[in-house]
Amino acid sequence: MDALPEHMNIMAAPEPAVAESLGGQGHLELDQVSKSYGHEHALLPTSFQVRNGEFVTILGPSGSGKTTILRLIGGFTQTSSGRILVDGKDITRLPPNRRPCNTVFQDYALFPHKSAAGNVGYGLMVRKVAKAEALRRVDEALQLVGLETMGQKFPSQLSGGQQQRVALARSLVCQPRVLLLDEPLSALDADMRRQMQQFLKRVQREIQTTFVFVTHDQEEAISLSDRIVVMSKGKVEQIASPYEIYYRPETHFVATFLGDNNLMDGTVRDGGGVDLPIGPVACATDGRGKGEKVYAAIRPERIGLARTIEAGKTGIECSVAEIGFAGAMTTVRVRPNSMPDLSLLVKVTSGRWIEDLTAGASVFATFDPADISVFSRTAP
Amino acid sequence: MMNPVSRISLFVLVALVPSVFVLLPTIAFVANSFFAVENGQIVPTFTLSNYAAFLQQPEYWGVFVNTLGLCLQVSIICLVFGLPVAWFIWRLPERNRYPMLFVVILPLFMSYVVKLFAFRSILGLNGFLNQLLVASHLIDKPQMAFLFSRDAIVLTQASMFFPYMVLPIFLNLERIPHSLTQASSDLGASAGMTFREVVLPLTMPGVVAGLVFVFIMSLGDYITPQMVGGMMGHTFGRVVWSQFGVTFNWPLGASFGVVLVLVCAALVGAVGMTSRQQRI
Ligand SMILES: Nc1ncnc2c1ncn2[C@@H]1O[C@H](COP(=O)(O)OP(=O)(O)O)[C@@H](O)[C@H]1O
Ligand SMILES: [Mg+2]
């Protein structure tokens, strides 16, 4: 997993005082919420909670039901079943304008006939907030997103990133208990996207508002979130911290959706451990019964390569099939001598000895059994 | 590739049709407005007397001003009913939207004359409206008041040109992304506030286009006034028509026509300028 480069950080940190009138920490709960269109299930019954001030990302491929979840929370689509609660209050049947949530839309949805300040002040205007207070809050919100000098500009005069920030300010000025963001960065180019990721994260830390963020970009999800909800085909696959999602997948989908992974068929051994094609491995099996069919997954960077192996340590003797130099890291594909049909992907830091490595060379692949995660082969 | 000669001759051929059938008649028409009539003959001199006649004689410019008022009335009635109808159609579920629009603009596919006779039979002495009112004892005997009045012209034109108001407004509404109305609702606005603050301002180009369409069509219409307006149907379109068809003073009629064209062009130009200043 690549960390985001720090030097991208061009936006001035907002003044701490600014944040006080913006946002609130709400507790969101989905209780067996589902949505179907005719016979098609856009979302199967789903339950999860988002804690106060948490940054939760809904991650999944296109069509997996991410937008559906956000629209159900925002109130733009009616649930087929289940309840949605914010701070313990049932909002399932409330219209969008009476929900304590605000949405940042994928296409920003800025009003083209209103200035940036007019857009940001919209929610205050419809709530009939007194003029002086509204002006102050609009200024604060624009300052938070670093656009205090752009208030009089119209959306067509702003760049994509600036429009994005106006949309964010417009939602935050309404002091939502929960902020919903539907792929807000997908229309931006790569550089702008990285800047906005950092910016969003900083704003969220600053104002401590509960964020529910939707993306199909795994890196984005991993680098931004406190927790990730992985979705596939209208179903939640796993809800966990980015680290667990990445290193402790619980389904085949999660194991293969995020980045490269090595996946092997295995069978649980009597008294712990798993029989794998490369031999028995003493990894945790979470109390699974003997003979259960499982998958074992290990990330490429958790496998090491060595020319020789010290006495007492174990390693799998392999031959190198392919070498891919990618700067700091080198990707090596190796085949165990005992199982030439199996291929393992290994990512190692590009040391000097890797330079001399050639296809066909003999190496030892080493790993810590604790780095292998095991999950059931039959879908839960 | 074509050789230059055949390319030029093709261009001439293509350009010929519009120039012969549009440009030349227009030039002849404008030229006519500066000609004089002596002893029932058109004399090709240069005179401004036709325009002077228009400005000096109240029976011409008075009718013209009255007609502008009538056209404005028709346009506003179309707007008052057309905007809610367009909005209603736009709010329908997707599968009903276009069938409903089709129903509203269906009269466009009917013959003008048939529609006019339909209105005569509704408004006439033994017409539907009179019979209805008599049957419901609101009046004791049928009256002529509905037909052959200024109101009859306004009513007939407003209903005939109604689709020309609904269509541009609806098409404009269709261009408003749903995310904008959703965002408005998301930010706390009621349906009414969303309409006033988002939908209406963004529909202005369609509203203006509809107003201009209806106004211009109403201004140029000389058949409706004749058919349902009777003696009252003395609108400017009729005055122009009578110069050609009754008194055979073509130059005077042509000058009136030029005035009409200038008014329409000014209207379209003004609208074009204002819509270019908008940010949508
Ligand atoms: N209005 C709708 N009518 C019918 N099917 C829909 C509608 N909206 C979404 N769907 C279906 O629901 C599924 C999930 O869609 P969505 O939540 O938009 O996915 P995502 O945002 O993850 O790409 C898709 O299969 C989509 O076709
Ligand atoms: Mg989506």
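Within every chain, numbering begins at 1; the chains are lettered A, B, ... in the order of the sequence lines, protein sequences first and strands thereafter.
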Problem - B:Asp186 side chain vs A:Thr103 backbone, donor-acceptor pair below 3.5 Å - result: yes
Exercise for the section: Answer yes or no: are there more than 12 heavy-atom neighbours, outside B:Phe81 itself, under 6.0 Å from its atom CZ? Expected result: no
Exercise for the section: Take atom OH of B:Tyr222 as the centre, draw a 6.0 Å sphere, and report whether it contains more than 12 heavy atoms from other residues, nucleotides or ligands. Expected result: no
Exercise for the section: Give a yes or no on whether the backbone of B:Leu187 and the side-chain of A:Arg127 come within a donor-acceptor separation of less than 3.5 Å. Expected result: yes
Fill in the blank from the handout: Honestly, the part of B:Ser190 sitting under 4.5 Å from a heavy atom of chain A is both
Problem - B:Phe88 CZ: over 12 foreign heavy atoms closer than 6.0 Å - result: no
Practice task
For the residue pair A:His113 and B:Met204, establish whether any side-chain heavy-atom pair is separated by less than 4.5 Å.
Solution key: no
Exercise for the section: Measure the shortest side-chain to side-chain distance between B:Glu197 and A:Met125 over non-hydrogen atoms and say whether it is less than 4.5 angstrom. Expected result: yes
Problem - Neighbour count above 12 (heavy atom, 6.0 Å) for A:Gln152 CD - result: no
Exercise for the section: Could you look at A:Leu110 and say if it's the side chain, the backbone, both or neither that has a heavy atom under 4.5 Å from chain B? Expected result: backbone
Exercise for the section: Any chance you could measure A:Asn97, atom CG, to B:Thr194, atom OG1, to the nearest 0.5 Å? Expected result: 7.5 Å
Problem - Contacting region of A:Asp107 [heavy-atom separation from chain B under 4.5 Å] - result: side chain
Problem - Within 6.0 Å of OH in B:Tyr51, more than 12 heavy atoms from elsewhere - result: yes
Problem - 4.5 Å side-chain heavy-atom contact, B:Ser184 and A:Phe111 - result: yes
Handout entry: Inter-residue atom distance B:Met193.CE - A:Tyr122.OH, 0.5 Å rounding
Key = 7.5 Å
Exercise for the section: Give a yes or no on this: more than 12 heavy atoms of other residues, nucleotides or ligands lie within 6.0 Å of atom CZ of B:Phe21. Expected result: no
Practice task
Kindly compute the distance separating OG (B:Ser185) from CZ (A:Arg99), expressed to the nearest 0.5 Å.
Solution key: 9.5 Å
Exercise for the section: Would you name the heavy atoms of B:Leu202 and A:Pro112 that are closest together and state the gap between them? Expected result: CD2-CG, 3.6 Å
Exercise for the section: Please name the pair of heavy atoms, one in A:Phe76 and one in B:Gln182, separated by the smallest distance, quoted to 0.1 Å. Expected result: CE2-O, 3.4 Å
